[in-house]
Number of protein chains: 2
Amino acid sequence: MTARSSSETARDIPEATVARLPVYLRALTTLAEGGTRTCSSEDLAAAAGVNSAKLRKDLSYLGSYGTRGVGYDVDYLRYQIAREIGVTQDWPVVIVGIGNLGHALANYSGFRSRGFRVVALLDADPARHDEVVAGVDVRPFDDLEQIVGDQSVAIGVIATPAIAAQDVADRMVACGITSILNFAPAVIAVPDGVDVRKVDLSIELQILAYHEQRKAQSA
Amino acid sequence: MTARSSSETARDIPEATVARLPVYLRALTTLAEGGTRTCSSEDLAAAAGVNSAKLRKDLSYLGSYGTRGVGYDVDYLRYQIAREIGVTQDWPVVIVGIGNLGHALANYSGFRSRGFRVVALLDADPARHDEVVAGVDVRPFDDLEQIVGDQSVAIGVIATPAIAAQDVADRMVACGITSILNFAPAVIAVPDGVDVRKVDLSIELQILAYHEQRKAQSA
DNA sequence: AGGAGTTTGTGAACGCGAGAACAAAACGAG
DNA sequence: CTCGTTTTGTTCTCGCGTTCACAAACTCCT
Ligand SMILES: NC(=O)c1ccc[n+]([C@@H]2O[C@H](COP(=O)([O-])OP(=O)(O)OC[C@H]3O[C@@H](n4cnc5c(N)ncnc54)[C@H](O)[C@@H]3O)[C@@H](O)[C@H]2O)c1
Ligand SMILES: NC(=O)c1ccc[n+]([C@@H]2O[C@H](COP(=O)([O-])OP(=O)(O)OC[C@H]3O[C@@H](n4cnc5c(N)ncnc54)[C@H](O)[C@@H]3O)[C@@H](O)[C@H]2O)c1
């Protein structure tokens, strides 16, 4: 707690836990907004929709931030998780492909409120270039290198058609982006050291359809 | 292959496999569009971005649809996966909350092309009710029960603010929807037998931020 | 027909994550 | 100060998913 020594937060947290920390963070924010100062693992687990044993184990990877017999201080734990995830700092983000989805993303307020700042909206179509979305103007895709270099952007969002996704990813990687969130329904290849996460809602719907079909079948 | 007996496709497929089947389906479609008639597990695995052993094991849960020494017939396998997932049939879908994101979803062509048909767009705000999006007109949220009942809708999409998500989900469940895709950043509770999948992009970004922070730390 | 080469389908080993269960620690009452 | 209560942090076990490795099966060529 005293010094930010190199090994203090360097424990490797299981990937499954990392994926849940943002959920806990949001649950804690909701609790804090409701005026709750302290909560037990049972309370927080219920708010986050998980098992309380799992929650405690997850939190134990960060350190011992609770008090036995009492619970967790909401604000303190919230800060600790935020610091561990890295959302106490500001992350510049570029969005490429300002079509239907790109517009929605650019207008999404949930970005900024969680430490992500949209520094540029890029599109290959010149017809888009006069537009201003959520206070940021749409610029040519070829400005990518300059913007990423000037502002040290590490995170890029792809919202182009699938056919363009690999090209966009290549350009992003080439100019230094090391984390990509891909909305295009395409598998993109990147070198080691670059993280890609994909959001594919037709896959989500198909998973639901599978289970739905099975429900109908067994009924 | 002859009769669709009750137990033929009733084997329970592991959840992790179910989540990958749509990826294989898309990879197969891409291969088919490129003129490929036959492919090996190695080819398909590369196109889907997975390990070939994993691919073969996944496919083995569906049955033996390949030929040793040859590979898989692209069209045949594509049909088998589509049938297993349930996308050979038509799934009516309602979308609730036609704001930024709801508009993008309504305009998304990837729905229909995969067997999902948007039968209604619902919003609580009367100011939205005159609008027509992608050929479907926005109707009052209170029409939910009637539409779901008339058209046997099993799948609902929530794109409202987080605060309204639980209420919308409750109403959906009450009128017979058993699968929900939730875009609102909120944990929603549903009874047993109802499937919920959530898509939360601020969580995705936070996961990327965590890894990004660690890269910066160790460098 | 037979053998060489290919590729599938699966058995087995391994590692990770989930959950139950409990000991250690804090707090309050008396 | 001591005891009982509450709740955390951790250990242990179990099951699932991933991956390796190989036998079975198919094709093609001679
Ligand atoms: N709309 C949705 O709700 C939705 C949902 C899920 C997935 N998606 C996927 O997200 C992507 C975008 O969807 P959309 O509906 O916004 O499509 P869209 O066609 O409306 O927008 C795509 C935008 O990308 C731009 N673009 C094309 N090639 C580019 C390139 N090489 N570099 C930069 N910009 C380029 C186009 O000019 C266009 O503005 C698609 O891959 C789609 O499959 C969309
Ligand atoms: N815009 C994005 O890119 C984005 C990204 C990720 C998540 N989200 C989430 O998706 C949800 C929608 O985002 P948005 O940007 O479209 O918001 P929005 O405010 O533009 O749209 C919300 C819509 O829901 C309607 N609504 C509100 N309460 C309702 C109710 N009880 N019943 C029916 N309709 C109701 C509103 O009238 C409005 O039209 C939010 O929860 C947001 O956090 C949005």
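Every chain is numbered from 1, with letters handed out A, B, ... down the list of sequences.
Near DNA chain C, defined here as any heavy-atom distance below 4.0 Å, the residues from residues 42-55 of chain A are A/Asn51, A/Ala53, A/Lys54, listed numerically. Taking a 4.0 Å limit (strictly below) on heavy-atom distances, residues 34-41 of chain B reaches DNA chain C at B/Ser40, B/Ser41.
Think of the region where chain B sits on DNA chain D: with heavy atoms and a 4.0 Å cut, that region ends 5' and 3' at D/dG17 to D/dT27. In 5' to 3' order, the nucleotides of DNA chain C bounding all contacts with chain B (an atom under 4.0 Å from a heavy atom) are C/dT6 to C/dA12.
Between the B/Asp167 side chain and the B/Ala164 main chain, no donor and acceptor come within less than 3.5 Å of each other. Side-chain atoms of B/Gln213 come within 3.5 Å of backbone N or O of A/Arg83 as a donor-acceptor pair. Not one N or O on the side chain of A/Arg78 forms a donor-acceptor pair closer than 3.5 Å with the backbone of A/Val74. Counting only distance, with no hydrogens or angles, the side chain of A/Glu84 and the backbone of A/Gln80 share no donor-acceptor pair below 3.5 Å. Within the 3.5 Å criterion, the main-chain N or O of A/Gln206 finds no donor-acceptor partner in the side chain of B/Arg114.
Legend: residues meeting side-chain contact (heavy atoms from CB on, under 4.5 Å) with B/Ser41, ordered by chain and number and at least two apart, are B/Ser52, B/Leu55, B/Arg56, B/Tyr72. Under the rule for a salt bridge (Lys or Arg N to Asp or Glu O under 4.0 Å), the partners of A/Glu145 that lie at least two apart in sequence or sit in another chain are A/Arg171.
Positionally, the nearest nucleotide of DNA chain C for A/Pro14 lies more toward the 5' end than for the other of A/Thr67 and A/Pro14. Looking at which nucleotide of DNA chain D each of A/Ser64 and A/Lys57 is closest to, the 5′-most match is held by A/Ser64. Nearest-nucleotide positions on DNA chain C for A/Arg56 and A/Arg68 put A/Arg56 closer to the 5' end.
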**Report entry** side-chain contact (heavy atoms from CB on, under 4.5 Å) between A/His103 and B/His103, worked out
**Finding:** CA-CA 10 Å; A/His103 273 85; B/His103 273 86; over 6 Å; no
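Atom CD1 of A/Ile147 sits about 9.5 Å away from atom SG of A/Cys175, to the nearest 0.5 Å.
Among A/Ile180, A/Val187, A/Leu181, the one residue that satisfies the side chain to side chain contact (heavy atoms under 4.5 Å, CB included) test with A/Val196 is A/Ile180.
Of all the heavy atoms in A/Leu105 and A/Phe111, the pair that sits closest is O-CE1, 3.1 Å. Pairing each heavy atom of B/Asn100 with each of A/Ala104, the nearest pair is O-CB, 3.7 Å.
In this model, no donor atom of one side chain and acceptor atom of the other lie less than 3.5 Å apart for A/Ser179 and A/Asp195.
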